[in-house]
There are 2 protein chains.
Amino acid sequence: MQRTPFDQMPCPVARTLDRVGEWWSILILRDAFYGLTRFDQFEQSLGIAPNMLTRRLKALCEAGLLERRLYQERPPRHEYVLTAKGRDFRPVLWTLFAWGNRHLAPEGESVILTDPTTGLPIDPVVVDRRTGRPLEDGIRVAAGPAASERLRRRFERPTTI
Amino acid sequence: MQRTPFDQMPCPVARTLDRVGEWWSILILRDAFYGLTRFDQFEQSLGIAPNMLTRRLKALCEAGLLERRLYQERPPRHEYVLTAKGRDFRPVLWTLFAWGNRHLAPEGESVILTDPTTGLPIDPVVVDRRTGRPLEDGIRVAAGPAASERLRRRFERPTTI
DNA sequence: CCGAGTTACTTTCATAATGCAAGTGACTCG
DNA sequence: CGAGTCACTTGCATTATGAAAGTAACTCGG
């Protein structure tokens, strides 16, 4: 087994990366959000080799983020559309987008997020749903209801993220 | 050049993945947030091979997310600490964490985020800094100030993310 | 009916990334 | 003096990535 799998790790970050952590996967999802659905659309938009695209689309379908759907019978042609699980991945893209614009756009921002009604730029911030307050330094990682004894002990000592 | 580089793409998501998109990188960052700084701490926590760890730490330092710091003279020993740029990556980890817990914890959540003062669980949501409203369906991706003509044309047709 | 075009791939093969195992070097401590 | 700690490096096998070319099932224009 080459490339250590992360899906047996208890950490949800690790498990997520196990599904979308391969090269190209997240960019394919981005393009799916952009509205692309066809094989050749992804191929052209990304400049990805077709064999790589085949592998990634297959993996993303198996992970349940995309669905392969027949859109024409003869010849059989499929399109790839986001599932609910896939659509729920957008918050990750927003935060990746924001970080990239803050730190990797020395020549200025080439692409920005805007509000579809007002047209004003959007600056994504993560808050707690309950309190509405921005998450800050010192957010704790703690054992959850399904934690093993080992994990519980690991997180007895306060751990932040 | 094997593995297509993403850093010349205008999309900030692509550029971000160019820096942190390799296997292990984001888990190393996670552990850095957990407070780990030493080589052997990362090695044990992750179960990563030492040569891989060396490569990733080097890449993360070169990308400016970690800083290699001498903490003892003889023998020379270094620790790896997050830079401001690295610390700013936390929102991505929070959203990855939340997605993983929602979709990849069928046996229940093993690890959760909590408020350090109240101890209550935290549910990360992305909002717009200006309006405070949660980002929803239909957030637009538009050409920014530094966009080329080509890009500007690409995003004339409304594109959501 | 023939050839060009479209769409969605597969196959083959080179090269680079990942990872296991073992070794190294500079110390400290008993 | 030998064991232990810490932070790696080296050598080598295996797998992932990617470029190039080929395939298959159609449609459409002349």
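All chains are named by letter (A, B, ...) in the order of the sequence lines, taking the proteins before the strands, and each is independently numbered beginning at 1.
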Original post:
How many Å lie between CD on A/E73 and P on D/dT27, as a whole number?
Top reply: 13 Å
**OP:** Quick one: which residue pairs count as a ring-ring contact (aromatic ring centres under 6.0 Å, His included) with a foot in residues 96-132 of chain B, not counting sequence neighbours?
**Re:** A/F89-B/W99, B/W99-B/H103
Original post:
Rounded to whole angstroms, how far apart are CZ on A/R3 and P on C/dC20?
Top reply: 13 Å
Subject >> Length of the CD-P vector between B/E22 and C/dG19, whole Å >> reply: 11 Å
Original post:
For A/S45, what residues pass the side-chain hydrogen bond (donor to acceptor under 3.5 Å, both in side chains) criterion, not counting sequence neighbours?
Top reply: A/D31
Subject >> Separation of C/dT28 C1' from B/Q72 CD (nearest whole Å) >> reply: 10 Å
Original post:
Is the A/F6 ring parallel, tilted or perpendicular to the B/W24 ring (thresholds 30°, 60°)?
Top reply: perpendicular
**OP:** Summarise how protein sits on nucleotides 1-12 of chain D as a single string, 5' to 3': B when a protein heavy atom is under 4.0 Å from the base, S for sugar-phosphate-only contact, - for no contact.
**Re:** -----BSBBBB-
Subject >> First of A/P75 and A/A49 reached from the 5' end of DNA chain D, by closest nucleotide >> reply: A/A49
Original post:
Which parts of residues 23-31 of chain B get close to DNA chain D, meaning a heavy atom less than 4.0 angstrom away?
Top reply: none
Original post:
Can you list the residues that meet the salt bridge (Lys or Arg N to Asp or Glu O under 4.0 Å) rule with B/R55, with sequence neighbours excluded?
Top reply: none
Original post:
C/dA8 P sits how many Å from A/L66 CG, rounded?
Top reply: 14 Å
Original post:
Which residue pairs satisfy the salt bridge (Lys or Arg N to Asp or Glu O under 4.0 Å) criterion with at least one member in residues 87-105 of chain A, sequence neighbours excluded?
Top reply: A/D88-B/R102, A/R90-B/D137, A/R102-B/D88
**OP:** Please name all residues satisfying salt bridge (Lys or Arg N to Asp or Glu O under 4.0 Å) with B/E107, sequence neighbours left out, ordered by chain then number.
**Re:** A/R15
Original post:
Under the side-chain contact (heavy atoms from CB on, under 4.5 Å) test, which residues partner B/Q41, sequence neighbours left out?
Top reply: B/L36, B/T37, B/R38
**OP:** Send over the distance from B/M52 CE to D/dT15 C1', rounded to a whole Å.
**Re:** 12 Å
**OP:** Tell me who clusters with B/V127, hydrophobic residues only, linked when side chains sit under 4.5 Å apart either directly or through other members.
**Re:** A/V125, A/V127, B/V125
